[in-house]
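Presented below is the structure to which this report refers.
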Amino acid sequence: MIERGPRPVAPFSHAVEADGWIFVTGQMPTDPDNPDAPLPAGIVAQTRRVMDNLTIILQGIGLALENVTMIRIYLTDFDGDYAAMNETYVSYFEQGKLPARTTVGVTGLAVGAKVEIDMIARRP
């Protein structure tokens, strides 16, 4: 568990490391400083909050987004939110240095979120 990380919405660790591979649990768009606050409105704000939460977790274990090798994204409104989520998501990475990725449409996510993102990273 990462001290500054968001409060879990279920029983899990923020991240687990095995042989230099780091598996970061899917994060919700909750505010680590105010976990009971309403979720941000809209896919852009929720994607930013999720990516910021993932960055906090990576920093807590001495890594950064450049160490991420694979990302999975879950969207509750795939057709409606895919383009705006992509535009927000890509702004977190250096141009031309994106991790592998899968994006899946789902019928629902914890806490009523529009987006959840998990990651796999590798320690250098």
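Below, each value reflects all heavy atoms present in this structure, side chains not excepted, and no hydrogens, waters or symmetry copies.
- Every pair tested for ring pair (Phe, Tyr, Trp, His ring centres under 6.0 Å) that includes a residue from residues 30-71 fails, sequence neighbours excluded, so the list is empty.
- Rounding to the nearest 0.5 Å places CD of Glu17 at 10.0 Å from CZ of Phe23.
- Exactly one residue among Val115, Leu109, Ile117, Val104 makes a side chain to side chain contact (heavy atoms under 4.5 Å, CB included) with Leu75. That residue is Val115.
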#### Entry: Criterion side-chain contact (heavy atoms from CB on, under 4.5 Å) on Asn67 and Arg123, from CA distance to verdict
CA-CA 7 Å; Asn67 302 110; Arg123 194 171 293 284; over 6 Å; no
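- Under a 4.0 Å N-O distance rule, the pair Lys97/Glu66 does not qualify as a salt bridge.
- Of the residues Leu54, Leu63, Asn53, the one that meets the side chain to side chain contact (heavy atoms under 4.5 Å, CB included) test with Val24 is Leu54.
- Met85 CE to Gln46 CD: the interatomic distance, rounded to the nearest 0.5 Å, is 12.5 Å.
- Checked by atom type and distance alone, the side chain of Tyr92 pairs as donor or acceptor with a backbone atom of Arg48 at under 3.5 Å.
- Using a 4.5 Å cut-off between side-chain heavy atoms of Ile, Leu, Val, Met, Phe, Trp and Tyr, with links allowed through other members, Ile120 and Phe93 fall into different hydrophobic clusters.
- The heavy-atom pair separating Pro29 from Pro40 by the smallest distance is O-CD, 3.1 Å.
- Note that the CE atom of Met28 and the OH atom of Tyr74 stand 10.0 Å from one another [nearest 0.5 Å].
- With a 4.5 Å cut-off on side-chain heavy atoms, Val106 and Glu116 do not count as touching.
- Cluster membership check: Met70 does not share its hydrophobic cluster with Val16, using side-chain heavy-atom separations under 4.5 Å among Ile, Leu, Val, Met, Phe, Trp and Tyr.
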### Task
Please report the C-alpha distance between Ile71 and Asp118 in whole Å, then the side-chain angles of each, then the deciding distance to 0.1 Å, and finally whether the side-chain contact (heavy atoms from CB on, under 4.5 Å) criterion is met.
CA-CA 6 Å; Ile71 289 181; Asp118 67 30; 5.8 Å; no
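- Around CD of Glu87, the count of heavy atoms belonging to other residues, nucleotides or ligands within 6.0 Å does not exceed 12.
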### Message
Quick one, Ile61 with Ile22, criterion side-chain contact (heavy atoms from CB on, under 4.5 Å). Give me CA distance, side-chain angles, the key distance, then yes/no.
### Response
CA-CA 9 Å; Ile61 56 175; Ile22 294 81; 3.4 Å; yes
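- Taking CG of Leu39 as the start and NZ of Lys114 as the end, the distance is 10.5 Å to the nearest 0.5 Å.
- Ring orientation note: the planes of Tyr82 and Phe78 are close to parallel, at an angle under 30° on the 30°/60° scale.
- In this model, no donor atom of one side chain and acceptor atom of the other lie less than 3.5 Å apart for Arg49 and Thr47.
- A distance of 4.5 Å separates NE2 of His14 from CD1 of Ile57, quoted to the nearest 0.5 Å.
- Shown here for Ile56 and Pro32, the closest heavy-atom pair between the two residues is CD1-CG, 3.9 Å.
- Asn86 contributes atom CG, which lies 9.0 Å from atom OG1 of Thr88 (distance to the nearest 0.5 angstrom).
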### Task
Kindly determine whether Met119 and Arg101 satisfy side-chain contact (heavy atoms from CB on, under 4.5 Å), including the steps that lead there.
CA-CA 9 Å; Met119 298 178 160; Arg101 189 182 105 181; over 6 Å; no
